[in-house]
Each structure stands twice: as C-alpha cells, then as structure tokens.
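Beneath this line is the structure, given in structure tokens, with notes to follow.
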Amino acid sequence: MAKIVFSLNQSLDGFVDHEAFQPDPVLFRHFIDDLRGLTGSLYGRRMYETMQYWDGDSSGWDGAEREYAEAWQSKPKWVVSRTLKAVGPNASLIEGDLASAIRDLKAQHEGEIEVAGPELAHSLTELGLVDEYRLYLHPVVLGHGKPFFAGSRPPLRLVSSDRISEQVIRLIYVPATLI
C-alpha cells in the first residue's frame with residue numbers, strides 16, 4: 001500500500017511560497033533524487049498548473065533543471081479538480097468522492113505518493129489519509145501568505161530531522177495516532 005506524504009518548503013513563520021525562496025543546488029539535488037524515488041504525485045489544480053512548467057523544454061535550463069523535468073515527466077500525476085476537463089501527459093484527473101479515490105490510489109500502488117499544496121493536503125488530513133508530513137524549513141520570515149497547514153494543525157509526532165543543505169532543515173512528522 002502506498003503512503004501519502006505532504007511535503008513542501010516553508011518559511012520559519014509557517015508560510016509556503018515557491019517564489020519567496022528558491023532551493024540552493026544541494027537542496028535542488030535532494031528534490032531531484034526524492035522525485036525519482038516517488039511512485040507519483042498528487043496535486044490540486046493550482047499546484048498542478050504551477051508544476052506544468054516542468055512539462056516544457058526550456059533551452060535555458062541547466063543540467064539539474066533538465067534532470068528535474070525528466071524525473072517529473074516520467075512520474076504519474078493525479079490531479080484533484082472540479083474545474084479542469086483535461087490534464088497533460090502522464091496525468092489523470094480525480095473527480096468525485098475524494099476519500100474513495102485516494103484510498104483506491106493508495107491500495108493500487110506501493111511506495112510514496114507525494115501530495116503538494118496546503119488545501120489538498122488539508123482535505124486529505126481531515127479524511128485521515130496523510131501518512132507523513134515533511135517540512136523543509138528555510139531561514140526566511142515572510143509575515144504573510146499561504147500557511148503550510150491550511151486548517152488547524154493535526155496532532156503530530158516528530159519522527160526525524162535532518163539538515164538537507166547549508167540553510168534548510170527537514171522535519172518529518174507522522175500523525176500522532178500512527179505511533
């Protein structure tokens with residue numbers, strides 16, 4: 001059975017903003033390797049539309065960016081949306097009953113399926129479907145924006161922490177009921 005993992009960069013004050021802090025080369029390498037190891041990715045519409053950038057082919061990309069794009073393009077993506085009618089290559093729409101669809105997805109796959117986006121992660125948390133939370137803490141204070149936890153924070157238990165790069169620490173939590 002697959003594990004659903006919510007993983008995002010976040011500021012010290014709890015906000016996510018992909019434009020506020022870019023990964024350094026070490027962190028970007030970590031994300032490439034992480035992506036290669038995933039079973040697939042689960043997105044809401046807004047995050048999927050942001051990530052579709054990697055479906056392209058930019059002549060300005062460096063080697064690491066090309067590696068990331070190749071890894072992203074090779075992985076299945078599931079997109080939860082009530083408004084999209086079609087999605088790009090290697091992606092499928094999830095419509096209807098979210099809980100049933102994600103339970104089926106978990107049952108049909110092994111490994112890790114990463115969910116990106118606070119709103120979708122919140123919905124899955126409310127349904128008891130997120131198995132792990134990975135917070136990549138950056139030494140930035142934004143003071144505003146979209147919070148990592150879109151609703152109240154669920155009861156969590158820290159299971160590990162590690163330094164990923166010169167500036168970033170990863171904290172890994174599981175729902176407190178899983179330990």
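Values reported hereafter were calculated over all heavy atoms of this structure, with side chains retained and with hydrogens, waters and symmetry mates removed.
Between the side chain of Asp13 and the main chain of Leu142, a donor-acceptor pair closer than 3.5 Å is present. Side chain of Glu126 to backbone of Ser123: no donor-acceptor contact under 3.5 angstrom is found.
In this structure His30 satisfies the side chain to side chain contact (heavy atoms under 4.5 Å, CB included) test together with Leu27, Tyr136, Ile164, Arg170, sequence neighbours excluded. In this structure Arg29 satisfies the salt bridge (charged side-chain N to carboxylate O under 4.0 Å, His left out) test together with Asp33, Glu67, sequence neighbours excluded. Listed by chain and residue number, Trp78, Asn90 satisfy the side chain to side chain contact (heavy atoms under 4.5 Å, CB included) test with Pro76 (two or more places apart in sequence, or in another chain). The side chain to side chain donor-acceptor pair (under 3.5 Å) check on Lys106 picks up Asp131, with sequence neighbours excluded. Listed by chain and residue number, Tyr43 satisfy the side chain to side chain donor-acceptor pair (under 3.5 Å) test with Trp72 (two or more places apart in sequence, or in another chain). Scored by the salt bridge (charged side-chain N to carboxylate O under 4.0 Å, His left out) test, Arg163 finds Glu166 as partners (sequence neighbours excluded). With sequence neighbours left out, the side chain to side chain contact (heavy atoms under 4.5 Å, CB included) criterion links Leu124 to Ile4, Leu42, Leu98, Ile102, Val115, Leu120, Leu129, Val130. With sequence neighbours excluded, the residues that form a side chain to side chain contact (heavy atoms under 4.5 Å, CB included) with Gln73 are Asp55, Ala69. In terms of the side chain to side chain donor-acceptor pair (under 3.5 Å) criterion, residue partners of Gln52 (sequence neighbours excluded) are, by chain and number, Tyr48. Remark: Ser165 pairs with Asp24 by the side chain to side chain donor-acceptor pair (under 3.5 Å) rule, at least two apart or across chains.
Under the 4.5 Å side-chain heavy-atom criterion for grouping Ile, Leu, Val, Met, Phe, Trp and Tyr, Phe6 is connected to Val79 within one hydrophobic cluster. Cluster annotation: Val140 and Leu8 are assigned to distinct hydrophobic clusters (Ile/Leu/Val/Met/Phe/Trp/Tyr, side-chain heavy-atom contacts under 4.5 Å, transitive). Note on Tyr53 and Phe21: separate hydrophobic clusters, where clusters join Ile, Leu, Val, Met, Phe, Trp and Tyr whose side-chain heavy atoms are under 4.5 Å apart, directly or indirectly. Leu135 and Val141 are assigned to two separate hydrophobic clusters, defined by single-linkage of ILVMFWY side chains at heavy-atom distances under 4.5 Å. The hydrophobic clustering, which links ILVMFWY residues whose side-chain heavy atoms are closer than 4.5 Å, places Phe15 and Leu12 apart.
The two residues Pro118 and Phe148 make their nearest non-hydrogen contact at CB-O, 3.5 Å. Taking every heavy atom of both residues into account, Ser81 and Arg45 meet most closely at OG-CB, 3.9 Å. Looking at every heavy atom in both residues, His122 comes nearest to Ala150 through CB-CB, 3.7 Å. Scanning all heavy atoms of the two residues, the minimum distance from Gln167 to Pro139 falls at OE1-CG, 2.9 Å. Residues Ile94 and Ala101 share a closest heavy-atom pair of CG2-CB, 3.5 Å. The nearest pair of heavy atoms linking Ile113 to Ala2 is CD1-CB, 3.8 Å.
Between Tyr133 and Thr125 there is a side-chain heavy-atom pair separated by less than 4.5 Å. For the pair Glu49 and Leu84, the minimum side-chain heavy-atom distance is below 4.5 Å. Counting heavy atoms from C-beta outward, Leu171 and Ser161 have side chains that approach closer than 4.5 Å.
Not less than 6.0 angstrom separates the ring centroid of Phe31 from the ring centroid of Tyr68.
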Between Phe149 and Leu156, is the side-chain contact (heavy atoms from CB on, under 4.5 Å) condition met? List the steps. CA-CA 12 Å; Phe149 291 102; Leu156 299 175; 3.7 Å; yes
Please test Gln22 against Phe28 for side-chain contact (heavy atoms from CB on, under 4.5 Å), starting from the C-alpha separation and ending with a verdict. CA-CA 9 Å; Gln22 298 297 317; Phe28 196 57; over 6 Å; no
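The hydrophobic side chain of Val26 is isolated, with no ILVMFWY side chain under 4.5 Å apart from it.
Taken from NE2 in His109 to CG in Leu105, the straight-line distance is 5.0 Å, to the nearest 0.5 Å. Atom-to-atom distance recorded for Lys77:NZ and Ser41:OG is 7.0 Å, nearest 0.5 angstrom.
Counting only residues at least two apart or on different chains, the salt bridge (charged side-chain N to carboxylate O under 4.0 Å, His left out) pairs with a member in residues 109-124 are Lys3-Glu112, Arg46-Glu119, Glu112-Arg134, Glu119-Lys146.
Using a 4.0 Å cut-off between charged nitrogen and carboxylate oxygen, Arg66 and Glu70 do not count as a salt-bridge pair.
The local environment of CD1 in Ile169 is sparse, with at most 12 non-hydrogen atoms from other residues, nucleotides or ligands closer than 6.0 Å.
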